[in-house]
2 protein chains.
Amino acid sequence: MEPLNPYPPRFMLNVDKLLPCHSVDCVIIGYDKGALSVLVLKWKDLPLWSLPGGFIKIDEHLDDAALRILKDRTGLDMPFLTQFHTFGQAGGKRMSVESDIRELIKSNYPSIGTWFENRFITTGYLAMVQPSECRLVPDELSESCVWMPIKDLPELIYDHNAIVDQAIAHVKRQLNYLPVGKSLLPETFTMKTFKLLYESILGRELDRANFQKKMLKLGMLTRRGKENKGGAHKAPYLYSFDHDKYQELLEKGIGFIP
Amino acid sequence: MEPLNPYPPRFMLNVDKLLPCHSVDCVIIGYDKGALSVLVLKWKDLPLWSLPGGFIKIDEHLDDAALRILKDRTGLDMPFLTQFHTFGQAGGKRMSVESDIRELIKSNYPSIGTWFENRFITTGYLAMVQPSECRLVPDELSESCVWMPIKDLPELIYDHNAIVDQAIAHVKRQLNYLPVGKSLLPETFTMKTFKLLYESILGRELDRANFQKKMLKLGMLTRRGKENKGGAHKAPYLYSFDHDKYQELLEKGIGFIP
DNA sequence: TCTCATTGTGTTTATTTTACACAATGATAC
DNA sequence: GTATCATTGTGTAAAATAAACACAATGAGA
């Protein structure tokens with residue numbers, strides 16, 4: 001005998017313990033093989049993609065809600081995480097897309113009730129992580145949780161594409177105050193990797209020689225030996241961050257890039 | 001015959017049409033006589049000071065709520081207004097102060113009911129205005145609405161003092177991207193006034209000659225004649241902004257100050 | 001051992017920042 | 001009138017920084 005409903009309710013929100021008009025969306029950025037990626041969720045049974053997000057418990061700090069969501073998706077405990085904007089749209093584009101999605105949710109997950117019909121204000125959080133450190137786990141509504149190159153993101157629900165754009169713009173503008181290197185690079189890395197990271201964020205090429213000299217002069221890098229696995233060329237040094245010095249420079253907002 | 005309740009309900013919130021867990025607090029900054037000031041409200045009948053704030057209507061954009069609150073207090077239609085942080089505290093300091101205030105509100109404004117017992121997430125908005133352009137109007141809970149020098153603010157309710165501090169820190173850090181001159185200075189001004197404004201924001205002295213040359217070189221100032229009312233000294237030029245050029249420089253984030 | 005893309009560092013030039021000098025101004029005091 | 005003087009507008013030299021490019025060293029692969 002076939003089940004009557006091919007999409008039985010597998011998801012239950014404890015709605016009574018959540019703030020009814022505020023949510024969190026996370027733009028989780030990773031860097032791998034020379035490109036920036038964002039963590040996105042593929043919905044169960046539905047042709048929808050979205051950012052990892054969630055709701056805030058009645059007695060939970062907003063930042064803690066973001067941390068919890070991040071930990072649930074990536075397993076990470078102490079990632080770099082900061083809010084970058086609160087999106088307060090009441091209607092317009094968001095609502096028009098939402099109506100389709102609401103229908104889909106209603107028919108597939110009737111147990112959620114009218115929760116998704118609430119009007120939510122959502123705070124966008126930016127996280128920067130090392131993909132290799134993550135143990136990706138989709139949420140109850142999703143079938144998978146994957147890294148997608150920022151240059152080639154699928155269409156996301158609501159205004160999530162715009163949220164990603166704004167997160168990237170934030171990173172670009174706040175570059176001198178964000179721990180991009182420390183958060184996105186592995187423990188040791190070559191100067192070429194470091195420069196490529198900056199170039200993918202800034203969207204422009206940097207002079208190799210000047211980048212190298214500037215970074216070294218800041219005094220936050222420690223040489224860790226040589227990487228002997230490249231091709232037919234000089235083996236580059238490996239570097240790691242002097243975390244104390246790095247933090248000190250960041251707080252003073254001393255620029256890595258003018 | 002005396003009224004039974006010396007504090008009759010004079011204030012009614014249309015609670016049904018408001019988001020129940022989100023509010024807006026405005027740090028409205030003005031500049032006058034060489035000092036930065038913030039607009040604060042003195043509560044009716046209570047020894048309390050607070051920032052202008054309010055709630056968001058169900059179908060209102062968060063930014064529009066902030067605009068509405070700002071217009072209600074100052075009469076201004078097109079001020080510079082931007083959000084700078086969303087405060088998501090669930091308990092701690094905020095709640096402990098809040099309990100006193102809740103008692104006061106309950107006994108004095110019983111019609112409000114338990115609204116103020118909700119847990120609110122609040123988005124801080126920064127506005128920069130010219131005090132001389134404002135027609136100050138207190139809100140329903142307040143008896144007055146006044147400019148207070150930032151250096152000498154009274155103790156404010158909740159965590160409003162911390163919100164002000166964070167707003168100022170935001171202005172300092174984002175100085176090169178915020179229209180401080182255009183927003184805070186009158187139509188015409190002397191270079192000395194302009195420099196004093198930057199000095200009060202940055203909290204340090206700037207070289208007079210270099211400041212002047214740099215600002216002139218940017219090409220956003222128009223000379224408007226001389227100010228002939230000073231003391232025994234050379235009369236300074238008056239300047240005004242070339243608004244198009246000013247906007248262009250701001251968007252590119254070209255620095256006024258390195 | 002020769003090749004060669006890549007790497008580390010040096011040098012030169014242009015630009016910006018900093019510090020300070022100095023003449024011009026114009027209301028005030030005499 | 002005119003001498004005074006704090007302030008203002010501009011200039012200039014020194015120091016620091018950024019940009020552009022040169023070049024030798026490296027080391028796996030041919």
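As a basis for the values below, the full set of heavy atoms in this structure was taken, side chains included, without hydrogen atoms, waters or symmetry mates. Chain letters run A, B, ... following the sequence lines, proteins first and then strands; every chain starts at 1.
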Does the ring centre of A/F211 sit less than 6.0 Å away from the ring centre of A/Y198?
-> yes

Spacing of B/L206 atom CG relative to C/dT17 atom C1', expressed in whole Å | 13 Å

B/T190 or A/P258, whichever maps to the more 5' nucleotide of DNA chain D | B/T190

State whether a side-chain donor-acceptor pair under 3.5 Å links A/T222 with A/D242.
-> no

Over how many whole Å does the gap from B/L238 atom CG to D/dT8 atom P extend?
-> 12 Å

Closest to the B/D207 side chain: C/dA19, C/dG10, D/dT10?
-> C/dA19

Name the residue closer to the 5' end of DNA chain D, choosing between B/Q212 and A/A235 according to the nucleotide with the nearest heavy atom.
-> B/Q212

Taking only the side-chain heavy atoms of A/R223 (C-beta and beyond), determine which of C/dT18, D/dA20, C/dT9 contains the nearest atom.
-> C/dT9

For A/Y237 and D/dA25, give me the distance from atom OH to atom C1', rounded to whole Å.
-> 10 Å

What integer distance in Å separates A/H233:NE2 from C/dT6:C1'?
-> 6 Å

When the distance from CD1 of A/I254 to P of C/dT17 is rounded to whole Å, what number comes out?
-> 16 Å

Taking the six-membered ring for Trp, are A/F241 and A/F194 ring centroids under 6.0 Å apart?
-> yes

So which nucleotide from D/dT10, D/dT7, C/dA5 ends up closest to the side chain of B/L216?
-> D/dT10

Indicate whether OP1 or OP2 belonging to C/dG26 is found under 4.0 Å from a side-chain N or O atom of B/K226.
-> yes

Ring centre gap for A/F189 and A/Y31 strictly below 6.0 Å | no

Looking only at N and O atoms, is any donor in the side chain of A/N210 or the base of D/dA20 less than 3.5 Å from an acceptor on the other one?
-> yes

Run through B/L51, B/V40, B/D165, B/V38 and flag the one making a side chain to side chain contact (heavy atoms under 4.5 Å, CB included) with B/H160.
-> B/L51

Got a donor-acceptor pair under 3.5 Å from the side chain of B/K234 to the base of D/dT8?
-> yes

Look at the side-chain N and O atoms of B/K213 and state whether any lies under 4.0 Å from the OP1 or OP2 oxygen of D/dG11.
-> no

Between B/I257 and B/R208, whichever has its closest DNA chain C nucleotide further toward 5' is B/I257

Return the nearest nucleotide to the side chain of B/Y239; candidates are C/dT7, D/dG9, D/dT7.
-> D/dG9

Let me know the distance between CG of A/L221 and P of C/dG8, rounded to the nearest Å.
-> 12 Å

Whole-Å distance, A/F211 CZ to D/dA20 C1', equals 17 Å

Starting from P on C/dG8, measure out to CZ on A/F194 and report it in whole angstrom.
-> 14 Å

Closest to side chain of B/K214, choosing from D/dA6, C/dT17, C/dA19 | C/dT17

